[in-house]
> 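Take a look at the following structure, please.
Order of the sequence lines fixes the chain letters, A, B, ..., with proteins taken first and strands second; residue numbering starts at 1 for each chain. No hydrogens, no waters, no symmetry mates; every other heavy atom, side chains included, goes into these values.
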Amino acid sequence: MTSRFLVSALFAGALAGVIIGLLQLVFVQPVLLHAELYESGELVHFGAEAVSAHPVLPGFDLMRDGLSVIFTMLTYTGYALIMVAAMSFGEDRGARIDGRWGILWGVAGFVAFHLAPGFTLAPEVPGVAAADVALRQVWWFATVIAACVALWLLAFGHNWAAWGAAALLLAAPHLIGAPEPESFTGPVPTEIGALFAARALGVGLVAWVLLGSFAGYFWQREGEHAAQAV
Amino acid sequence: MRNLKQVVGCDGKEMTMTTMTAKSLTASRFVPAIFAAVLGIALITLTGHVQAAALHDAAHDVRHATGFPCH
């Protein structure tokens with residue numbers, strides 16, 4: 001049984017991870033590299049001269065971008081392991097798990113792991129002012145856990161008490177607030193910051209839909225293989 | 001009149017058997033599910049959150065693009 005979890009998560013995570021890694025290189029990385037020109041001081045926003053919005057960006061870097069793809073695969077394999085664990089609990093409660101229903105699980109994963117923390121701690125371009133990273137990580141984990149519990153209650157709860165608790169859990173981290181910096185010192189133009197957040201969330205949604213669908217497909221397929229083997 | 005249960009070779013216990021199979025299936029995969037979830041959390045902690053310099057530098061772009069708090 002353990003192998004069903006590991007095999008389906010590895011296939012789903014690695015496959016989704018490669019696609020997402022490439023999507024990030026195409027859509028997110030240029031914005032990040034653009035921001036780094038301001039972070040390093042090579043470009044200065046509101047300096048003496050107006051700065052072109054279309055600078056020459058560094059090209060493909062095999063080591064840097066290769067590592068990015070590998071770490072994207074690892075990250076989404078981690079997410080896939082959590083996903084198939086959640087799917088097995090859902091299946092025990094009567095949920096159907098396959099490639100199509102996996103899309104819905106993927107959207108839920110996006111909301112829990114990307115949109116919920118990003119609602120207050122927006123995806124950051126390099127160089128933005130931010131509070132202590134350890135404090136933000138605590139807030140990130142707390143928000144993600146609260147959102148996971150909330151979505152589970154929305155999906156599998158049967159009464160208004162469960163749904164009300166879910167709404168509270170979704171809102172609470174943002175009402176309490178995330179650790180924020182003392183002052184704003186980011187040198188990056190707001191246009192780049194906004195584009196980066198939009199791109200990160202957009203690619204994130206595609207990423208999670210793929211991951212959910214793949215995880216559902218491989219989970220079902222590995223289950224059929226196991227049933228045939230018996 | 002023949003008893004239907006005898007005709008199909010069932011004695012009513014098959015109901016409990018099915019329930020037991022479902023329950024033992026749930027139990028048998030509870031531990032692997034927890035194991036998978038813990039492994040997954042460990043993996044995203046490593047790729048997304050540990051601040052060790054080498055890991056941070058290698059995963060830098062991914063952490064930003066995935067919305068993790070980075071530095």
> Test side-chain hydrogen bond (donor to acceptor under 3.5 Å, both in side chains) on B:His56 and B:His60 and set out the steps.
CA-CA 5 Å; B:His56 171 273; B:His60 174 268; 5.2 Å; no
> Tell me which of these, A:Ala134, A:Ala85, A:Pro123, has more heavy-atom pairs under 4.5 Å with chain B than the rest.
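Among A:Ala134, A:Ala85, A:Pro123, the one with the most close pairs to chain B is A:Ala85.
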> By a 4.5 Å heavy-atom criterion (distance strictly below it), what part of A:Leu74 contacts chain B: side chain, backbone, both, or neither?
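For A:Leu74, the contact with chain B is made by backbone and side chain together.
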> Using a strict 4.0 Å threshold on nitrogen-to-oxygen distance, state whether A:Glu124 and A:Arg136 make a salt bridge.
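Judged by the 4.0 Å cut-off on N to carboxylate O distance, A:Glu124 and A:Arg136 do form a salt bridge.
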> Is it the backbone or the side chain of A:Val203 that comes under 4.5 Å from a heavy atom of chain B, or both, or neither?
neither
> By a 4.5 Å heavy-atom criterion (distance strictly below it), what part of A:Glu91 contacts chain B: side chain, backbone, both, or neither?
both
> Hey, which of A:Leu201, A:Ile20, A:Leu67 has the most heavy atom pairs under 4.5 Å with chain B?
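Option with the greatest count: A:Leu67.
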> Grab the two heavy atoms, one from B:Ser28 and one from A:Met1, that are nearest each other, plus how far apart they are.
O-CG, 4.2 Å
> Just say parallel, tilted or perpendicular for the rings of A:Phe214 and A:Phe218, cut-offs at 30° and 60°.
perpendicular
> Among A:Trp105, A:Phe141, A:Tyr79, find the one that has a ring-ring contact (aromatic ring centres under 6.0 Å, His included) with A:Phe113.
A:Tyr79
> Is A:Asp98 salt-bridged to A:Arg96, cutoff N-O under 4.0 Å?
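Answer for the salt bridge query: yes.
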> Return the option, out of A:Phe89, A:Trp139, A:Phe27, with the maximum number of heavy-atom pairs under 4.5 Å with chain B.
A:Phe89
> Measure distances from A:Tyr76 to the heavy atoms of chain B and classify the residue's part below 4.5 Å as side chain, backbone, both or neither.
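For A:Tyr76, the contact with chain B is made by the side chain alone.
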> Please flag which part of A:Arg199 lies under 4.5 Å from any non-hydrogen atom of chain B: side chain, backbone, both or neither.
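For A:Arg199, neither part sits under 4.5 Å from chain B.
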> If I measure from the heavy atoms of chain B, does A:Ser3 come under 4.5 Å with its side chain, its backbone, both, or neither?
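For A:Ser3, neither part sits under 4.5 Å from chain B.
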> For the candidates B:Gly48, B:Pro32, B:Gly67, which exhibits the highest count of non-hydrogen atom pairs separated by less than 4.5 Å from chain A?
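Ranked by contacts with chain A, first place is B:Pro32.
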> For A:Thr77 and A:Gly13, which heavy atoms make the closest approach, and how far apart are they?
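It is OG1-C, 3.5 Å.
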> Could you look at A:Gln137 and say if it's the side chain, the backbone, both or neither that has a heavy atom under 4.5 Å from chain B?
both
> Check this for me, if you would: do B:Arg29 and A:Asp92 make a salt bridge, where the nitrogen-to-carboxylate-oxygen distance has to be below 4.0 angstrom?
yes
> Taking A:Phe119's backbone N and O only, do any of them form a donor-acceptor pair with A:His174's side chain (distance below 3.5 Å, no angle check)?
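Not a single qualifying donor-acceptor pair exists.
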> Where does A:Val125 contact chain B at under 4.5 Å (heavy atoms): side chain, backbone, both or neither?
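Just the backbone, heavy atoms under 4.5 Å.
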> Taking A:Pro126, A:Ser68, A:Pro117, A:Ala9 one by one, which has the highest count of heavy-atom pairs under 4.5 Å against chain B?
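Going by pairs under 4.5 Å, I would pick A:Pro126.
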